[in-house]
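Both counts, for ligands and for their atoms, begin at 1 and track the order of listing. Since the model is a prediction, treat every value here as computed from it, not as a measurement.
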Amino acid sequence: MATASADLENFMNGVKRRNPGESEFHQAVQEVAATILPYIADKPAYKESMILERMSEPDRVVSFRVTWQDDAGNVRVNRGYRVQFNNSIGPYKGGIRFHPSVTLSVLKFLGFEQTFKNSLTQLPMGGGKGGADFNPKGKSDREIMRFCQSFMTELVRYVGPDVDVPAGDIGVGGREIGFMFGQYKRLTNRFNGVLTGKGREYGGSLLRPEATGYGAVYMLEDMLHTRGDAIEGKKAVISGSGNVATHAAEKIIHRGGTVLTLSDSGGYIYDKNGITLERLQWIKDLKEKRRGRISEYADEFGAEFHEGRPWNVPCDVAMPCATQNEIDGSEAEMLIKNGCMAVSEGANMPTVIDGINKYLQARILYAPSKAANAGGVATSGLEMSQNAAHISWKEEELSKLLRDIMSNIHAACVEYGAEGGGYVDYMKGANIAGFRKVADAMLAFGVV
Ligand code: NDP
């Protein structure tokens, strides 16, 4: 045990030295290294080829200026990025995030995680991530369009259907993907699957908007089944009110659960009676069409609104679906103390390492983001296949494929994460299952 922690410390010292100040990236690598280093300790092929060290270094990072003009005619400047992390098992694949908190550290953590997540789906996709420190809040449609066009004018040099296929993420939904695809098409005179999350009229896949949130609920469902339990009758606390959160809430309600909370960066709403499907549709319209704040729900329906995060609300299951590091150690403790039996992460890395340790110590069911939210990128992979073959699959087919992919990810976590007494460490299972495929491909390529 002492050796394992010394190995981890040595490894992390190297990562920190090479990537100074990038705390989110360090955190993501540490989460993985803590389970992979013991796994490869008796596997010299991986150790001698320095596979984990190589997987912790992106293939390529590009950063570029994005210049655009606001409605008042002022010239504005932002910084755009694309991190092409690893293309050992397929073209780089991962979302684009527009948020003022975007830094290279955040995108490197997301690209690193994406490599493992995409491998878990069993589809041929490498890992990447991109974005800009642009704040879409309060911007007009025209301003968003000009920003997206300028962003794509640079990004076009680095992407392509067999090279790198971005998708949406925080601040990038159907509207932004439409503007970027339009600019790509105009610049290249090509119509292809360079982006996923496209509108249905121009090559988008059915079920892509729903896939991440639905998939995270399927993972929750599969975990509960291992204990002979189900979602029906469970009280759920969910954070966020964007794409992932609203679709997770929808599927929880479909399965007979009760959704007590949703949130945004202003605070959370607590509806004691449970958010109904009609009210959820009202929230989707509020967010997508009116670009409003979640606090308006409290005024409209007489629910409670509180500043901060919802983790002190007693619940059976919790689904963080907003952003990274939104559950700290004491919040994880609070969830457990209040009786939470399962956490399924819709957002990427929403729980800090201290919080994850609390889940593991309490032996509650815990699905880490790279497994729980992989349904989104899996459906993006299916969108790529449809585009390449110039076909479109029906909703029932996609729905079944998504459900099967999530079950397979659950099974892979159980295979590599099973511990004594029927307990499954899903974090360990997801890391090892995701690692193996990429690592074996890298071994096959030799020293490159
Ligand atoms: P959206 O932009 O649709 O929604 C994000 C939501 O989270 C909003 O309610 C937003 O509130 C809230 N939020 C964002 N940043 C913060 C913050 N710093 N503090 C509090 N609340 C915040 O994004 P998505 O739903 O697409 O993404 C949510 C998470 O899911 C992210 O971690 C993303 O990486 C992950 N994910 C998304 C996938 C997808 O398919 N979209 C796929 C896999 C993972 P506000 O409006 O106030 O900013």
Side-chain angles (χ1 to χ4, degrees), residues 24 28 93-103 106-107 109-111 113-114 116-118 120-121 125 127 129-131 134-139 144 166-177 195-197 204-205 207-216 219 238-250 261-269 283-284 286-288 290-297 307-311 319-328 344-351 367-381 383 402:
E24 294 87 357
K93 178 93 198 87
I96 291 176
R97 177 177 292 192
F98 291 162
H99 195 272
S101 65
V102 163
T103 60
V106 167
L107 296 180
F109 114 63
L110 289 163
E113 284 276 298
Q114 195 81 46
F116 290 79
K117 181 187 315 190
N118 293 2
L120 276 172
T121 67
M125 299 182 290
K129 201 79 187 189
F134 168 72
N135 187 358
K137 282 206 193 86
K139 304 289 190 299
I144 298 285
D169 191 75
I170 293 178
V172 177
R175 173 181 62 167
E176 292 74 17
I177 293 287
L195 292 167
T196 57
S205 175
L207 220 66
R208 176 61 189 90
E210 295 85 354
T212 308
Y214 281 17
M219 178 59 70
I238 301 180
S239 65
S241 49
N243 174 276
V244 179
T246 53
H247 290 108
E250 189 169 281
T261 67
L262 286 172
S263 73
D264 62 21
S265 50
Y268 67 94
I269 49 132
I283 294 173
K284 286 186 192 171
L286 170 82
K287 289 287 170 175
E288 282 164 29
R290 294 189 278 129
R291 313 265 162 201
R293 311 302 302 154
I294 198 72
S295 57
E296 295 171 42
Y297 180 99
E307 286 183 1
R309 306 194 281 224
W311 313 121
M319 297 190 67
C321 296
T323 192
Q324 66 270 9
N325 293 335
E326 53 166 322
I327 300 183
D328 64 23
S344 182
E345 295 184 336
N348 281 309
M349 205 171 74
T351 310
S369 49
K370 62 173 73 68
N373 71 24
V377 72
T379 309
S380 276
E383 182 171 331
L402 172 62

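- The two residues S241 and K287 come nearest to each other via the heavy atoms OG-CE, 3.1 Å.
- With T196 as the fixed residue, the side-chain hydrogen bond (donor to acceptor under 3.5 Å, both in side chains) test singles out one of R208, E383, K93: K93.
- Without hydrogens or angle criteria, T212 side chain to G375 main chain gives no donor-acceptor distance under 3.5 Å.
- Heavy-atom minimum distance, Q114 versus G95: OE1-N, 4.5 Å.
- Side-chain contact check for K117 and S369: no donor-acceptor pair (N or O, by modelled atom type) lies under 3.5 Å.
- Judged as a ring-ring contact (aromatic ring centres under 6.0 Å, His included), and not counting sequence neighbours, the contacts of F98 are F134, F147, F151.
- Residue-level contacts of ligand 1 at the 4.0 Å heavy-atom threshold are R97, H99, K137, D169, I170, G171, R208, T212, G240, S241, G242, N243, V244, S263, D264, S265, R293, C321, A322, T323, G346, A347, N348, N373.
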